[in-house]
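The next block holds one structure in the form of structure tokens; read it before the comments.
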Amino acid sequence: MSADEIIDIVDGHDRVVGQAPRGEAYARGLRHRCVFVLARDARGRVFVHRRTAAKLVFPSLYDMFVGGVVGAGEGYDEAALREAEEELGVSGLPRPAHLFTFLYDDGAGRTWWSAVYEVLCEQPVRPQAEEVAWYDFLPEAEVERRLGEGGWAWVPDGVAAYERLRAWRPGTSERR
């Protein structure tokens, strides 16, 4: 999506209250909707990438999710599939499985409803060069290690989503 594309603006209950260009929503801190898709390969490894320097939000940071902003009038499920296929550079993915939704708010004007999904990607990936500067499929233990050691700078909303995902997984005491 370009900065000029129109997105839905939502309230604290995820109800649409207006629309605005994406760039304006970012600049004014207007709450909107995003999707986060954890893509795994056939071996269960997680697709991890570094965002390009040209990204409007969190340029050059690492992320363990593909995804992005939900367009005006678009549903979360449609956006999850669209974003996953676009960012991975594949077509024919199975529909990503919705896991949970939460409100991300960094307290500094970045706030969005965040729908978290998971998808199996068995095709060879060809990520968009304008979105992805580097990528690999990493074992989850490697993702955890890289998160813990602090050597990579990660997108904060992705870290928030990943922490909630770890807590949400079956067998844990906290489900959100």
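Because only heavy atoms are used, hydrogens play no part in the values below, and waters and symmetry mates are left out as well, while side chains stay in. Residues take their numbers from the sequence shown, with the count starting at 1.
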Hey, are the side chains of [X] and [Y] touching, using non-hydrogen atoms and a 4.5 Å cut-off?
X: R45; Y: L138; answer: no
X: D41; Y: C121; answer: no
X: Q128; Y: T52; answer: no
X: V155; Y: R51; answer: yes

Rounded to the nearest 0.5 Å, what separation is found between the [atom1] atom of [X] and the [atom2] atom of [Y]?
X: R43; Y: E122; atom1: CZ; atom2: CD; value: 13.0 Å
X: Y162; Y: W168; atom1: OH; atom2: CH2; value: 13.5 Å
X: R110; Y: H32; atom1: CZ; atom2: NE2; value: 10.0 Å
X: D14; Y: Y76; atom1: CG; atom2: OH; value: 3.5 Å
X: D136; Y: E142; atom1: CG; atom2: CD; value: 9.0 Å
X: I7; Y: E24; atom1: CD1; atom2: CD; value: 9.5 Å

Open item on the list: Parallel, tilted or perpendicular: which one describes the rings of F137 and F47, with boundaries at 30° and 60°?
Closed with: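 Answer is perpendicular, since the angle exceeds 60°.
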TODO: Please work out whether the ring planes of W152 and W154 are parallel, tilted or perpendicular, with thresholds of 30° and 60°.
DONE: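 Rings of W152 and W154: tilted, as their planes differ by 30° to 60°.
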Where is the tightest heavy-atom contact between [X] and [Y], given as atom of each residue plus distance?
X: V37; Y: A84; value: CG1-CB, 4.2 Å
X: F36; Y: A161; value: CD2-CB, 4.1 Å
X: G12; Y: W113; value: O-CZ2, 2.9 Å

Open item on the list: What I want to find out is whether R82 reaches E78 closely enough, with some N-O distance under 4.0 Å, to be called a salt bridge.
Closed with: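 No, this pair does not count.
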Open item on the list: Under a 4.0 Å threshold between the charged nitrogen and the carboxylate oxygen, would R40 count as salt-bridged to E140?
Closed with: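 Looking at R40 together with E140, the answer is yes, because their closest N to O distance falls below 4.0 Å.
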Would you tabulate the side-chain donor-acceptor contacts of residues 91-100 under 3.5 Å, counting partners in other chains and residues two or more places apart, or write 'none'?
unit_1	atom_1	unit_2	atom_2	d
H98	NE2	F100	O	3.3
H98	NE2	T101	OG1	2.8

- [ ] Test L30 against every option in V17, I9, V10, T111 by the side chain to side chain contact (heavy atoms under 4.5 Å, CB included) rule and name the one that passes.
- [x]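 Of the listed residues V17, I9, V10, T111, the side chain to side chain contact (heavy atoms under 4.5 Å, CB included) partner of L30 is I9.
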Listed pairs under 3.5 Å, donor-acceptor, residues 57-70 side chains, sequence neighbours left out:
unit_1	atom_1	unit_2	atom_2	d
D63	OD1	F65	N	3.0

TODO: Only pairs at least two apart or in different chains count here, so list each salt bridge (charged side-chain N to carboxylate O under 4.0 Å, His left out) that has a residue in residues 97-109.
DONE: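 Every salt bridge (charged side-chain N to carboxylate O under 4.0 Å, His left out) pair that includes a residue of residues 97-109, provided the two are not neighbours, is R31-D105.
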- [ ] May I ask whether W134 and V159 are part of the same hydrophobic cluster, defined by side-chain heavy atoms of I, L, V, M, F, W, Y residues being less than 4.5 angstrom apart, directly or through others?
- [x]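 Result: yes, single cluster for both.
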TODO: For side-chain contact (heavy atoms from CB on, under 4.5 Å), just list the numbers for L38 and V116, CA-CA rounded to whole Å, side-chain angles, deciding distance to a tenth of an Å, and then say yes or no.
DONE: CA-CA 8 Å; L38 190 79; V116 178; 6.0 Å; no
